[in-house]
There are 2 protein chains.
Amino acid sequence: MADVNFKTANPPASPDGDATPLTRPELHPDEPVITPHCDLIELLFYAYRDFTSDPDERLAAFDFGRAHHRVLHFVDRNPGMMVTDLLAILRITKQSLGRVLKQLVDKDFILQKPGPLDRRQRLLYTTPTGHALARSLSSPQSERLSRALATLPPGSDDIVRQFLHAMIDEDARDAVAEMIYNTDRPARSLSAAAVAPTMALPEGADPDRNSDRK
Amino acid sequence: MADVNFKTANPPASPDGDATPLTRPELHPDEPVITPHCDLIELLFYAYRDFTSDPDERLAAFDFGRAHHRVLHFVDRNPGMMVTDLLAILRITKQSLGRVLKQLVDKDFILQKPGPLDRRQRLLYTTPTGHALARSLSSPQSERLSRALATLPPGSDDIVRQFLHAMIDEDARDAVAEMIYNTDRPARSLSAAAVAPTMALPEGADPDRNSDRK
DNA sequence: TTAAATAAGTCAATATGGCTGACGTAAATT
DNA sequence: AATTTACGTCAGCCATATTGACTTATTTAA
């Protein structure tokens with residue numbers, strides 16, 4: 001199978017009869033021919049597809065999946081974080097997290113320690129093994145980023161950074177930036193509410209009573 | 001539940017005893033303190049998390065999931081595409097695609113037509129309904145992109161475009177660009193091999209004989 | 001013209017990672 | 001003392017992916 005073989009398949013891009021003129025029925029005159037930023041939508045899909053595929057093989061060697069990767073990554077980057085914070089970041093339920101977290105703890109990649117101030121908490125840390133795995137998973141991603149940025153004019157890093165930051169939900173943006181860039185952590189904590197804010201529910205008559213979702 | 005409440009939880013970022021000094025055992029002197037581009041890795045996660053969450057509610061109204069969205073999107077953008085091409089883009093198996101595709105066809109969002117040149121093909125088209133849904137799904141994503149780009153200096157669009165393009169696997173890059181930007185389609189076809197190229201297997205002794213994967 | 005490759009579909013079984021709902025327990029807050 | 005919070009768990013369900021095997025047309029190549 002050749003490297004780049006264009007197959008010359010379908011000349012008429014019309015589902016109607018072979019001789020029917022090409023007309024999309026529901027195309028209003030004021031409707032733009034293509035969706036604005038359709039290229040970016042697709043580029044984002046492809047970029048993320050390949051970006052996330054990098055660590056997959058290494059993960060499989062430990063019988064882990066992408067869910068484990070995400071947990072391991074954020075715990076490694078935020079040692080001592082609360083389970084609640086992790087839930088807010090990943091936007092999954094306690095039960096979903098529970099499964100993968102248990103496996104990571106059982107296999108000694110993540111360690112849980114009671115919070116010294118609030119003893120209800122089980123603060124999360126990576127073990128040395130876990131830290132090493134987290135590193136080996138993020139390194140191909142980091143290299144991909146380096147290669148990509150190297151092709152761009154100098155100063156593009158910041159444009160990309162700003163772009164991605166601006167793509168985040170407005171309510172979560174500040175908390176995310178806080179989390180990412182506060183590497184000298186001055187007794188700070190993650191704000192679950194800010195990373196994944198609750199809907200502003202009307203006062204009283206709260207339907208969210210016994211829910212797992214924040 | 002307050003809007004932005006920082007909880008001031010865990011001052012010591014060390015899993016060891018409360019009074020133990022903070023030292024990561026496996027931190028070689030030549031190991032960088034943080035992974036390069038760790039911020040970008042996380043920004044990409046958050047950006048994509050929120051980017052993909054946009055169409056979810058609309059999707060649920062039709063009992064569809066993200067898999068349906070992806071199929072619908074690419075078929076809408078590439079009318080007359082082959083099933084094989086779709087498999088290569090999505091990087092899933094024929095069986096996985098089969099299910100969602102069948103549902104989309106059954107519910108009259110996608111239409112299959114035998115290829116006029118190669119009658120083995122079942123070329124894919126969106127119906128008017130399908131096209132409308134595809135539009136309504138991509139529009140919030142497009143708006144998010146517009147809002148994000150509006151915050152950046154002029155000319156940033158191209159930087160972002162180039163960045164995302166450079167993030168794609170090198171072998172697939174050209175085919176992707178071809179697919180995205182050839183809106184005036186001159187009897188062209190997608191190249192499945194280029195979008196998701198096969199590993200260059202050694203001649204003879206091909207283990208990939210009866211596989212579903214390209 | 002026979003053989004092989006390709007496009008597409010299918011059946012069956014399995015795994016992963018999500019979800020809801022219902023409970024329980026310990027600790028902190030009010 | 002009552003409530004809220006942090007965390008965990010059991011049970012079941014669903015969506016989406018996987019592998020492997022097999023069939024049917026149809027096209028292409030030996």
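Residue numbers start from 1 in every chain, and the chains themselves are labelled A, B, ... in the order their sequence lines are given, proteins ahead of strands. Computed from heavy atoms alone, side chains included, the values below leave out hydrogens, waters and symmetry copies.
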**Asked** Should we say atom CG of A:Asp169 is surrounded by more than 12 heavy atoms from elsewhere, each under 6.0 Å from it?
**Response**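 It does: A:Asp169 CG has more than 12 such atoms within range.
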
With distance as the sole criterion, do the side chain of [X] and the base of [N] form a donor-acceptor contact below 3.5 Å?
X: A:Arg120; N: D:dT5; answer: yes
X: B:Arg122; N: C:dG9; answer: no
X: A:Gln95; N: C:dG17; answer: no

Euclidean distance, atom [atom1] of residue [X] to atom [atom2] of [N] [Å, nearest integer]:
X: A:Leu97; N: D:dA6; atom1: CG; atom2: P; result: 15 Å
X: B:Leu86; N: C:dA8; atom1: CG; atom2: P; result: 10 Å
X: B:Leu101; N: C:dA7; atom1: CG; atom2: P; result: 16 Å
X: A:Gln121; N: C:dT29; atom1: CD; atom2: C1'; result: 14 Å
X: B:Lys94; N: D:dC22; atom1: NZ; atom2: P; result: 14 Å
X: B:Met81; N: C:dA7; atom1: CE; atom2: P; result: 13 Å
X: B:Phe64; N: C:dG18; atom1: CZ; atom2: P; result: 23 Å
X: B:Leu59; N: D:dC14; atom1: CG; atom2: P; result: 18 Å

**Request:** Say whether B:His37 and A:Gln141, considering side chains only, have a donor N or O and an acceptor N or O under 3.5 Å apart.
**Result:** no

**Request:** Taking atom types as modelled, find out whether A:Thr93 and A:Ser96 have a side-chain donor-acceptor pair closer than 3.5 angstrom.
**Result:** yes

Hey, does [X] reach any base, or is it just sugar-phosphate, or nothing, if we go heavy atoms under 4.0 Å?
X: A:Gln103; value: nothing
X: B:Gly98; value: nothing
X: A:Arg99; value: base

**Asked** Quick check, are the ring centers of B:Phe163 and A:Phe163 under 6.0 angstrom apart?
**Response** no

Nearest to the side chain of [X], heavy atoms from C-beta on, is which of [options]?
X: B:Ile92; options: D:dT18, D:dA6, D:dT26; value: D:dT18
X: B:Ala67; options: C:dA8, C:dG17, D:dT16; value: D:dT16
X: A:Met82; options: D:dA6, C:dG9, D:dG8; value: D:dA6
X: A:Lys102; options: C:dA27, C:dA8, D:dT9; value: D:dT9

Hey, is the side chain of [X] poking within less than 4.0 Å of OP1 or OP2 on [N], counting only N and O atoms?
X: B:Thr84; N: C:dA8; value: yes
X: B:Thr93; N: D:dA17; value: no
X: A:Arg66; N: C:dT16; value: no
X: A:His68; N: C:dG17; value: yes

**Asked** Is A:Arg77 salt-bridged to B:Asp39, cutoff N-O under 4.0 Å?
**Response** no

**Request:** Would you mind checking if B:Asp50 and A:Arg173 are paired as a salt bridge, meaning a charged N to carboxylate O distance below 4.0 Å?
**Result:** no

**Residue met sooner reading DNA chain C from 5', once A:Ser96 and B:Asp118 are mapped to nucleotides** =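 Taking each residue's closest nucleotide, the earlier one in sequence belongs to B:Asp118.
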
**Request:** Assign each of B:Arg70 and A:Leu124 to its nearest nucleotide of DNA chain D by heavy atoms, then name whichever residue's nucleotide is nearer the 5' end.
**Result:**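 Looking at the nearest nucleotide for each, A:Leu124 comes out on the 5' side.
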
